[in-house]
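Note sheet for the following structure.
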Amino acid sequence: MKLYIYHTPELTPSDRVPDCAIAVDVLRATSTMATALNAGAEAVQVFSDINELMQVSEAWPAHKRLRAGERGGAQVEGCDMGNSPFDCTPERVKESRLFISTTNGTRALQCIQKAPIVLAAALINRQAVVDFILEQKPETVWIVASGWEGSFSLEDTVCAGAIAHSLIAATGLKIGEFAGNDEVIGAIALYEQWKDDLLQLMRLASHGQRLLRLNRDEDLKYCCDMDILDVVPIQKEPGVL
Ligand code: 3SL
């Protein structure tokens, strides 16, 4: 197995696909998606364009749809919710489809949607995703971090490092055989340095600070609670997990 990490959708190659591609947006899109599916949502459908989300979801029965829209950390007007995992309670999402558009996370998923296996990972479902990859045994795996509007993000990189750390331990591969690019070695080092204080790292991260200014500290705490969900969001058809 060879792993490649890309820090943003913009840095991700567009002329080829790996056997398995994983989108990561710890704060907060992939954490919210994993939480919604774990709470019984029928599916999560992702959109980069909010108007398209509104149009497509209109054709869905109103009592079986939830529209989640986020821009700049805040809820988009006209949507039922923003992008907080705390909005995804079983009472609210069970058997409904979550139509979601966020600033960066949904773009990361869209840029890998042609890969044969597409997954969404966060810290909260890290081990479930790792176990699934180990079962599938893909030769090439990409982790695509969402970043923030084209820039590197600490929270996604540490999650990529946590996935890489667990994969390398389970496969017994040497780092030189396993790492497809330098980003893998950098992400593992970041994870090893911060694994015991992930909340502090979230609070230092620029998007963590943006969410703190919106009083979302509880979201930061939840999103760095490693391996609490045994759910693997897998793409069933392009854009639908
Ligand atoms: O950038 C994104 O896709 C979002 O996850 C950002 S936020 O955490 O909802 O503000």
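Each ligand, and each atom within it, is numbered from 1 in the order the structure gives.
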Begin with the C-alpha distance, continue with both residues' side-chain angles, and end with the deciding distance and a verdict on side-chain hydrogen bond (donor to acceptor under 3.5 Å, both in side chains) for R71 and S101. CA-CA 8 Å; R71 289 294 179 270; S101 177; 2.8 Å; yes
Which segment of L211 sits under 4.0 Å of ligand 1 when only heavy atoms are counted: side chain
Please report which non-hydrogen protein atom sits nearest to atom 2 (C) of ligand 1, along with the residue it belongs to and the distance in Å to one decimal place. D25 OD2, 3.1 Å
Could you tell me whether T103 approaches ligand 1 through its side chain, its backbone, both or neither, with non-hydrogen atoms closer than 4.0 Å? both
ILVMFWY cluster, I5 and L201 together (side-chain gap under 4.5 Å): yes
For H207, the ligand 1 atoms whose distance to one of its heavy atoms is below 4.0 Å: 6 (C), 7 (S), 8 (O), 10 (O)
Of R71, E149, E70, the residue with the heavy atom nearest atom 4 (C) of ligand 1 is E70
Can you tell me how far the SG atom of C88 sits from the NZ atom of K94, to the nearest 0.5 Å? 15.0 Å
Checking S166 against Q127: is there a side-chain donor and acceptor pair closer than 3.5 Å? yes
If you count the atoms of ligand 1 from 1 in the order shown, which ones are under 4.0 Å from a heavy atom of W148? 1 (O), 6 (C)
Within a distance under 4.0 Å of any heavy atom of A29, pick out the atoms of ligand 1 and give their elements. 5 (O)
Who's the nearest protein heavy-atom neighbour of atom 1 (O) of ligand 1, and how far? N104 ND2, 2.7 Å
Kindly confirm or rule out an N or O of T106 lying under 3.5 angstrom from an N or O of ligand 1. no
Any N or O of L27 that comes nearer than 3.5 Å to an N or O of ligand 1? yes
Would you say L198 and V129 are hydrophobically clustered, going by side-chain heavy atoms of ILVMFWY under 4.5 Å? yes
Provide the number and element of each atom of ligand 1 under 4.0 Å from a heavy atom of T102. 2 (C), 3 (O), 4 (C)
For G72, is at least one N or O under 3.5 Å away from an N or O on ligand 1? no
Counting each atom of ligand 1 from 1 as listed, which ones have a heavy atom of G73 under 4.0 Å away? 10 (O)
Which heavy atom of the protein is the closest neighbour of atom 9 (O) of ligand 1, given with residue, atom name and distance? N83 ND2, 2.7 Å
Name the orientation class of the two ring planes belonging to H207 and W148 (parallel below 30°, tilted from 30 to 60°, perpendicular beyond 60°). parallel
Which of these, R28, E218, R216, sits in a side-chain hydrogen bond (donor to acceptor under 3.5 Å, both in side chains) with S84? R216
Within the supplied structure, the quantity of interest is the number of heavy atoms (other residues, nucleotides, ligands) at a distance under 6.0 Å from K221 NZ; does it exceed 12? yes
When hydrophobic residues are tied together by side-chain contacts of less than 4.5 Å, even through go-betweens, does F178 share a cluster with Y4? no
